[in-house]
Novice: 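Below you will find the structure I want to go over with you.
Order of the sequence lines fixes the chain letters, A, B, ..., with proteins taken first and strands second; residue numbering starts at 1 for each chain. What you see is a predicted model; the values in this text were computed from it and never measured.
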Amino acid sequence: MTRFIKYLSRQSRIFYFALGLALIVVIALSDYITGHELDLSVLYLGPVCFISWMLGRTSGIVFSVLAVAAWFANDRLTGHLFPHAFLLYPHSLLHMWKALVLLATWIIFVLVLDKLKVALAHADERFATVLEGLHEAVYVVDRNSGELLYLNHRCQDTFGAGVALTSSRQIEAQLQPPAHADGRGGEVYDTAHQRWYLFHTRPLRWVDGRDVRLVAITDITDRKQAEELSRQQQEKLQQTSHLITVGHMASTLAHEINQPLAAIVNYTMGCVRRMRAGNWDAQELLAAMEKAGAQAERAGRIIQRVRELVRKREPQLVDCDINGVIVNAAGLIEINAEKNNVRIKLELAAELPVALADGVMFEQVILNIARNGIESMRETPPHERELTMRSRLNQGGAIEIEIADTGCGIPAAMTGTSFEPFFTTKPDGLGMGLNICRSIMELHHGQLWATRNSGRGSTFHLALPVKQT
Amino acid sequence: MNDLDRPLVYVVDDDEALRDSLRWLLESAGHRVATCAGAEAFLATYAAEQGGCLLLDIRMPGMSGLELQDELKRRGHAIPIVFITGHGDVPMAVNAVKKGAFEFIEKPFNAQALLVLIDRALDIDAEARRAAARFGRLTKREREVMDCIVAGKRNQDIAAELSISIKTVEAHRAAVMWKMGVDSLAGLVKLVHSAGAPRRK
């Protein structure tokens, strides 16, 4: 039966038209043969409804008229053959009346059917619009036969390759769905198209009661690529931050290297002067020269730290939206924060004046301090790990940025503006970061200082002058 | 001259090697040297009556060189300061000089240049001390008269200001010139200037 309906639904309009006509003729003939005692008028409803369902309202009305005409003609003809038939219709107007009633009834049927069909189509359309609108390729497959009961266009377009898909095996030939894909998602790489797909499968009972699987396949290549890109960017960022850090390390190290150099000059010149004056003691000179040697070694050790140094970047002070820089930095540090279960809170002033700053370098300062903050919270219970970034215009009329952590805090000697070079709380740290940050802030005519929080952790403050207009 | 009377060069630097090498260098020029690891240590040992000069690192943990300069000023000590500056500290050092430091020298420095600076600083200190010693011989009234002279006031104005006769002013004036060992107004002004701080408020 379903096969027959399927067969019917695949035929052309002319076929339906012909079939409808044929049915009317058959009914009319039967009616004629059986005579008018047996009223077969109700049978006409069949072709009328069929046509109206298949071909629409107008055709339905046409067929209603045709059917009524057939019935009317039939009654007339049989009336001639059997004159007593007139007993049925004492007046011909009554006959006409019955024809009209029939016609009206059928037309009502036609109209109701039409409404029903439109409503059904709408319901179907809603469902289809949703599924067709999805980015996912969706199909419904019979669990046993593998027959595709439904598939959306995206599915057809993605996996059809020009052939109409009828079986899920055609799809599975291209992609091996992960075995555990039921319920949970599973990722599959399509080597042929070099794309990543995410499978979601769910068992369902189909409208006709069959056990089916609903499969949604999401193309996650872009997301995968974005993840990869973000990972690369993160790496690159770390590299560049390393570069900039090293670059600024150079200036701090130049400062550091001056110490042993000055000492060497002093020791040697002290020796030279004594020898020139002829007023010297060999033991004394020897000791001084040894000390000079030791200082040269100290300079060498400092230089070793700069081995990787490559370049120094001159700051480019331009108009800078400080809140924007903070938001950016927060975005960059987010992954790191998440990894360490640290929540980042932004409390930014609604409106900040423009400042002159080198965005990249300033961002580095914020990143550096934020990273320190995150690293300092290793021993903090996860639910208390919080990094707060605030911005505001302080009473001095400068933009002040505060980066507060709930970490291990800093020793009292570190508060204020003097950070000792090479002081670090980190096992692998150089102890240069804050010094570099401070020099960057000085380049910005700003300040960097630290305070201890009343509760846990410490707060680093950055003050930046507002651009004078 | 007793060794203890010789001027003392104070070296205040947090870097031990630099302190020690500076001592070695300065001693080669025959200076008496005292070293301190920090500003606080210096303040604890400094004896104002001892002549000398201060070789001071501008950047130190704890109290910085600049803060020490302010503190000395606050305490009324006029010891000449030569700042040692590192890379990038020049603007800071210029500021320090504007605030009364004698000079600054950038690391790494030429030994000869440093020694010349130290000599000059010691000369200035010695001169100031001589001037101060002469000030000490002035009476209170003579000090008042001298301040007025240096401020460029005429005798009759000074007399009016201090409510004394012009004759008395002239007598004080002569006494001031004699006690200060100068024979011109210009010489007096120069001496008062070199003495720096010890002035009547």
Side-chain angles (χ1 to χ4, degrees), chain A residues 248 250-281 284-299 302 411-423 435 438-440 442-443 445, chain B residues 9 11 13-31 33 35 37-40 55-68 82-93 95 104-119:
Chain A
H248 284 87
S251 80
T252 315
L253 285 178
H255 186 85
E256 284 299 298
I257 239 167
N258 271 339
Q259 301 292 112
L261 283 185
I264 292 167
V265 171
N266 296 342
Y267 282 128
T268 31
M269 288 318 287
C271 292
V272 167
R273 291 178 59 88
R274 281 175 176 78
M275 290 170 86
R276 282 233 171 95
N279 162 33
W280 51 281
D281 170 62
E284 241 182 26
L285 283 191
L286 218 58
M289 285 161 104
E290 271 169 1
K291 283 178 190 168
Q295 288 304 306
E297 276 173 26
R298 176 181 164 197
I302 294 170
M414 284 275 292
T415 56
T417 49
S418 69
F419 303 112
E420 194 163 345
F422 306 117
F423 172 88
N435 266 290
R438 190 185 52 188
S439 16
I440 293 178
E442 279 167 5
L443 286 172
H445 311 290
Chain B
V9 180
V11 174
D13 196 314
D14 58 310
D15 189 296
E16 201 213 323
L18 206 61
R19 264 193 333 263
D20 185 63
S21 68
L22 279 170
R23 172 196 287 280
W24 173 256
L25 176 69
L26 292 169
E27 280 175 354
S28 81
H31 293 300
V33 180
T35 58
E40 293 86 351
L55 192 51
L56 178 58
D57 190 2
I58 205 159
R59 218 188 254 251
M60 286 184 296
M63 190 190 253
S64 76
L66 291 175
E67 285 164 343
L68 177 58
V82 175
F83 273 110
I84 304 172
T85 72
H87 176 82
D89 292 338
V90 172
M92 214 180 356
N95 211 21
F104 69 89
I105 186 161
E106 225 181 327
K107 269 183 297 196
F109 31 72
N110 177 286
Q112 194 54 42
L114 175 71
L115 292 172
V116 167
L117 272 186
I118 294 293
D119 284 342

Novice: Applying side chain to side chain contact (heavy atoms under 4.5 Å, CB included), can you list everything that pairs with B/D119, at least two apart in sequence or on another chain?
Specialist: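 Testing B/D119 for side chain to side chain contact (heavy atoms under 4.5 Å, CB included), a comparison that skips the adjacent residues, returns B/H31.
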Novice: Donor-acceptor pairs under 3.5 Å, side chain of residues 284-292 of chain A to any protein atom, not counting sequence neighbours: which ones?
Specialist:
| from | atom 1 | to | atom 2 | distance (Å) |
| --- | --- | --- | --- | --- |
| A/K291 | NZ | B/D20 | OD2 | 2.7 |

Novice: Tell me if the CD atom of B/E40 is crowded by more than 12 foreign heavy atoms within 6.0 Å.
Specialist: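 Check passes, neighbour count above 12.
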Novice: Working to the nearest 0.5 angstrom, can you tell me the gap between B/D15 CG and A/N258 CG?
Specialist: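 The distance works out to 11.0 Å.
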Novice: What's the shortest heavy-atom distance between A/Q259 and B/L18, and which atoms?
Specialist: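 Nearest heavy atoms, A/Q259 then B/L18: O-CD1, 3.6 Å.
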Novice: Checking heavy atoms, do the side chain of A/R276, its backbone, both or neither come under 4.5 Å from chain B?
Specialist: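 Answer is neither: A/R276 stays 4.5 Å or more from chain B.
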Novice: Need one label for B/L115: side chain, backbone, both or neither, based on atoms under 4.5 Å from any heavy atom in chain A.
Specialist: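 Side chain only.
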Novice: By a 4.5 Å heavy-atom criterion (distance strictly below it), what part of B/E27 contacts chain A: side chain, backbone, both, or neither?
Specialist: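 Interface part for B/E27: both.
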Novice: Give the minimum heavy-atom separation between A/A262 and B/S21, together with the two atoms involved.
Specialist: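 A/A262 and B/S21 have their closest heavy atoms at O-OG, 4.4 Å.
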Novice: Please identify each residue that fulfils side chain to side chain contact (heavy atoms under 4.5 Å, CB included) with B/D14, with sequence neighbours left out.
Specialist: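 B/D14 satisfies side chain to side chain contact (heavy atoms under 4.5 Å, CB included) with B/D57, B/M60, B/P61 once adjacent residues are dropped.
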Novice: Which residues, numbered in order, of residues 265-274 of chain A come under 4.5 angstrom of chain B by heavy-atom distance?
Specialist: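 The stretch touches chain B at A/V265, A/N266, A/Y267, A/M269, A/G270, A/C271, A/R273, A/R274.
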